[in-house]
Amino acid sequence: MRTFLQRFALMVSGIMSGFDRVVFKGRLPQLYSPDGMNCYAVANRLRYLDFKSHAKEVTRQVLAASLVESAKAANRFQYLGSSQASKEQAARAILERCPITDGLVAVLQCVEPCWTFDTKSIDGRLKIVGEMGKCSSLYHYFLHPQFGWMYIRLQTWFPFEVQIGLNGREWLAQRMDREGMDYQRSDNKFLWVEDWRQAQRWLDEQQETNWVKEFEALLKRIHPLYPGHLGRLPVQYNWTVHQSEWATDVAFNSRAELEGWYTRWTRYAFEQFDSVQVMRFLGRSGRLATGTTVDVHSDVQAVEESVRLKHWVNGNSLKMYDHGNVLRVETTINRPKEFRSYRAAVGDREGPKGWRVMRRGVADTHRRAEVSQASNDRYLESLAAVVATATVAEMTKPWTERVLDPGTGGKNGRKMRALNPLSAEDAMLLTAVSDPKWSVNGLRNRDLAAALYGDPPTDPLERKRQSAKVGRLLRLLRAHGILKKVPKTHRYQVCAKSRDGLLAILAARSANPEKLITLAA
């Protein structure tokens with residue numbers, strides 16, 4: 001993202017990165033196991049034949065202890081006849097009708113599909129089994145003093161799943177209001193902030209939240225019967241991140257300045273960002289395992305007075321859109337298993353750490369933020385190529401001249417040959433190193449050899465000669481400032497200052513004379 005910000009420094013008034021919408025889920029994991037509810041029945045000395053009547057009584061008690069009656073007394077309760085009805089709109093309507101600045105906004109009740117339990121006869125014996133069904137859910141909307149606008153959904157039948165929806169920008173607005181910082185806001189975007197750096201520090205503090213402590217406090221308000229309603233099996237909730245949106249907002253000085261570039265960015269991104277590059281944005285690197293497939297697709301959709309460009313990779317997404325004078329790039333993670341987290345194995349906290357599958361649990365929230373920010377950074381960095389103002393000749397002229405080998409040192413060091421970007425040999429070399437799949441982890445000697453020559457030779461001596469030849473090519477590209485070595489590794493990455501030149505050369509080689517003449521005219 002550094003190159004993007006450098007090029008637009010005079011147009012950008014501020015930048016902000018952090019969580020936007022985040023959905024957490026709380027589950028009682030022991031009840032979800034195959035025999036979990038049967039263990040519950042045994043612990044509470046409950047006959048399977050009586051389970052349904054018992055569950056109805058527990059549900060009645062949960063509802064009686066909730067905020068339903070107080071919401072009805074304050075004219076803040078509404079029953080929704082359809083699970084498809086917008087709970088957000090219904091809650092906003094109640095807030096408009098009965099305005100408050102803090103506390104309970106509304107309680108909504110509706111019947112929704114859910115995972116639940118019932119009794120069934122299996123091999124002639126009655127058992128409690130899990131199945132998809134329907135039950136009543138309560139949506140509690142609050143104007144929370146810390147989190148701002150938020151909701152908590154409580155399933156009122158076993159296994160009493162809880163869902164909590166927060167917004168990081170709402171949270172930040174509450175903090176800025178308490179601290180007396182001025183800002184201009186539209187929807188969940190900040191168009192202007194008095195002190196962008198301080199606002200970013202407050203947004204970063206959200207990463208230090210003790211989620212379990214906060215959620216247990218919220219649970220006491222809307223579900224005070226917990227854990228007493230579980231009787232002799234008072235299991236604890238396990239909190240996970242069901243979905244997260246991490247947004248990077250770049251605020252321009254005016255709508256006009258952003259608008260002038262946004263159309264070019266969307267067109268460039270839609271035409272140039274192929275499946276491989278989209279995968280790299282979302283952290284996929286290396287070769288795909290044999291037999292694996294990846295679902296990658298992009299689309300453009302009209303949004304208000306602009307357009308939104310969105311890319312998907314196996315259920316996770318990366319999108320770009322504008323709102324007022326703000327350009328937003330946002331990574332949404334629905335399937336964390338597509339990413340890795342450096343941690344110890346589950347159940348062995350003191351054991352050796354390694355790159356393991358990222359978990360849904362709130363313990364990996366910090367890593368979720370890291371990979372999302374890296375995705376946004378790579379996307380913005382790629383957009384920076386659109387605004388290059390130098391000509392192709394200006395960008396590539398240094399490559400067509402001989403240069404000193406930095407390894408020999410001094411003015412009298414050995415000189416290395418010039419590059420000819422339009423020749424077949426050098427064009428193949430530049431094409432290989434500019435492949436976006438190297439943008440995440442970089443490329444090695446063996447990677448470049450495979451890209452240029454295919455499968456390695458079977459003869460060890462010939463393989464050694466090929467490796468030496470590729471080593472000289474890497475040295476040549478480093479001397480021309482096209483590649484840089486990743487510290488403490490044997491990997492190389494394209495230098496930021498050379499990226500535009502590579503794109504321009506490859507585009508020029510692919511263009512036909514008629515198109516070039518048209519552009520020149």
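Every value quoted in this text rests on a predicted model; they were computed, and no experiment measured them.
Side chains of W265 and L327 form a contact here, defined as non-hydrogen atoms less than 4.5 Å apart. I482 is listed as a side-chain neighbour of L502, based on a closest heavy-atom distance under 4.5 Å. N253 is not listed as a side-chain neighbour of V12, based on a closest heavy-atom distance of 4.5 Å or more. For the pair R472 and K469, the minimum side-chain heavy-atom distance is below 4.5 Å. The shortest side-chain heavy-atom distance between L452 and M428 falls under the 4.5 Å cut-off. By the 4.5 Å heavy-atom criterion applied to side chains, L429 and L473 are counted as neighbours. A 4.5 Å side-chain heavy-atom check between M16 and T248 finds every atom pair outside the cut-off. For the pair E245/V22, no side-chain contact is recorded, criterion being any heavy-atom separation below 4.5 Å from C-beta on.
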Practice problem: Might you work through the side-chain contact (heavy atoms from CB on, under 4.5 Å) test for T400 and L419, ending with a clear yes or no? | Solution: CA-CA 5 Å; T400 61; L419 291 170; 5.9 Å; no

Quiz item: Going through the distances and angles, do D299 and K310 end up as a salt bridge (Lys or Arg N to Asp or Glu O under 4.0 Å)?
Solution: CA-CA 6 Å; D299 77 2; K310 190 170 185 179; over 6 Å; no

Quiz item: What do the steps show when you test E112 against Y139 for side chain to side chain donor-acceptor pair (under 3.5 Å), and what is the final call?
Solution: CA-CA 11 Å; E112 294 182 317; Y139 283 79; 2.8 Å; yes

Quiz item: Should R417 and D426 be marked as a salt bridge (Lys or Arg N to Asp or Glu O under 4.0 Å) after you check the CA-CA gap, both sets of side-chain angles, and the distance that decides it?
Solution: CA-CA 12 Å; R417 72 173 178 86; D426 285 351; 3.0 Å; yes

Exercise. Using the side-chain contact (heavy atoms from CB on, under 4.5 Å) rule, take D195 and M181 through it: C-alpha gap first, then chi angles, then the decisive distance, then the call.
Key: CA-CA 8 Å; D195 187 340; M181 181 179 289; 3.6 Å; yes

Quiz prompt | Test side chain to side chain donor-acceptor pair (under 3.5 Å) applied to Q163 and Y151, step by step | solution = CA-CA 8 Å; Q163 180 170 301; Y151 76 87; 2.8 Å; yes

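Counted by atom type alone, T331 and S375 present one or more donor-acceptor pairs between their side chains at under 3.5 Å. Checking N188 against D20 by side-chain atom types alone, a donor-acceptor pair falls below 3.5 Å. With hydrogens and angles left out, the side-chain atoms of Y183 and D177 include a donor and acceptor closer than 3.5 Å. Neither side chain, E338 nor N316, offers a donor N or O lying under 3.5 Å from an acceptor on the other. Remark: the H323 side chain and the S186 side chain contain an N/O donor-acceptor pair separated by less than 3.5 Å. Using a 3.5 Å distance cut-off with no hydrogens or angles, the side chains of Q155 and S137 do not pair a donor with an acceptor. In the model, Y262 has no side-chain atom that pairs as donor or acceptor with a side-chain atom of E257 under 3.5 Å. For the 3.5 Å distance criterion, the side chains of S244 and R368 qualify, holding a donor opposite an acceptor. Judged by distance alone, the side chains of E161 and Y32 do bring a donor and an acceptor atom under 3.5 Å apart.
Under the 3.5 Å distance criterion, the side-chain polar atoms of R280 are matched with a main-chain donor or acceptor of R284. In terms of modelled atom types and a separation under 3.5 Å, the side chain of R201 and the main chain of W196 share no donor-acceptor contact. Put simply, the side chain of R343 gets close to the backbone of V357: a donor and an acceptor are under 3.5 Å apart. Using a distance-only test at 3.5 Å, with no hydrogens or angles considered, no donor-acceptor pair links the side chain of D182 to the main chain of E194. Not a single donor-acceptor pair under 3.5 Å links the side chain of N325 to the backbone N or O of A251. Side-chain atoms of N445 come within 3.5 Å of backbone N or O of S467 as a donor-acceptor pair. Distance alone, capped at 3.5 Å, is enough to place a donor-acceptor pair between the Q200 side chain and the S17 backbone. With hydrogens and angles disregarded, no donor-acceptor distance shorter than 3.5 Å links the side chain of R328 to the backbone of E330. Under a 3.5 Å cut-off, the side chain of H140 and the backbone N or O of I152 do form a donor-acceptor pair. Remark: side-chain polar atoms of R360 are paired, donor with acceptor, to backbone N or O of H242 under 3.5 angstrom.
At most 12 non-hydrogen atoms from other residues, nucleotides or ligands lie less than 6.0 angstrom from CD of E96. Other residues, nucleotides and ligands contribute over 12 non-hydrogen atoms within 6.0 Å of the CG atom of N210. Taking a 6.0 Å sphere around CD of E425, one finds it holds 12 or fewer heavy atoms contributed by other residues, nucleotides or ligands. In the displayed structure, R446 atom CZ is contacted under 6.0 Å by at most 12 heavy atoms of other residues, nucleotides or ligands. By the 6.0 Å contact criterion, CZ on R267 is open, its count of non-hydrogen atoms from other residues, nucleotides or ligands being 12 or less. Sparse packing is recorded around CZ of R197, with 12 or fewer heavy atoms of other residues, nucleotides or ligands lying under 6.0 Å away. Environment of NZ in K485: crowded, with over 12 heavy atoms of neighbouring residues, nucleotides or ligands closer than 6.0 Å.
The cationic atom of R367 (NZ for Lys, CZ for Arg) does not lie both less than 6.0 Å from the six-membered ring centre of F339 and within 45° of the ring axis. Relative to the ring axis of W149, R92 places its NZ or CZ within 45° and under 6.0 Å from the centre.
The shortest non-hydrogen separation linking A384 to T3 is CB-CG2, 3.9 Å. Closest heavy-atom contact between A479 and M416: CB-SD, 3.7 Å. The heavy-atom pair separating A91 from L108 by the smallest distance is N-CD1, 4.3 Å. Taking both residues in full, the closest heavy atoms of V162 and I164 are given as CG1-CG1, 4.1 Å, listed atom of the first, atom of the second, then distance.
With sequence neighbours left out, W246 forms a ring-ring contact (aromatic ring centres under 6.0 Å, His included) with F19.
To the nearest 0.5 Å, the span separating OG1 on T209 from NE2 on H366 amounts to 12.5 Å. For the atom pair NZ (K353) and CG (D348), the distance works out to 11.5 Å, reported to the nearest 0.5 Å. The line from CG of L443 to OH of Y492 is 8.5 Å long, rounded to the nearest 0.5 Å. Distance CG/L318 to NE2/H311: 5.5 Å, rounded to 0.5 Å.
Using a cutoff of 4.0 Å between basic side-chain nitrogens and carboxylate oxygens, R308 and D322 are not scored as salt-bridged. The pair D377-R2 fails the salt-bridge criterion, with no side-chain N (NZ, NE, NH1 or NH2) lying under 4.0 Å from an Asp/Glu carboxylate O.
Applying the salt bridge (Lys or Arg N to Asp or Glu O under 4.0 Å) rule to pairs touching residues 203-219 yields R175-E205, sequence neighbours excluded.
Centroid-to-centroid, the aromatic rings of Y268 and F273 come within less than 6.0 Å. The aromatic ring centres of W312 and H297 sit less than 6.0 Å apart.
Of the listed residues (F24, W239, Y237, F147), just one forms a ring-ring contact (aromatic ring centres under 6.0 Å, His included) with W211, and that residue is F24.
Using the six-membered ring where Trp is involved, F252 and F4 have ring planes that are perpendicular, over 60° apart on the 30 and 60° scheme. Classified by interplanar angle (parallel below 30°, tilted 30° to 60°, perpendicular above 60°), the ring pair W261/F8 is perpendicular.
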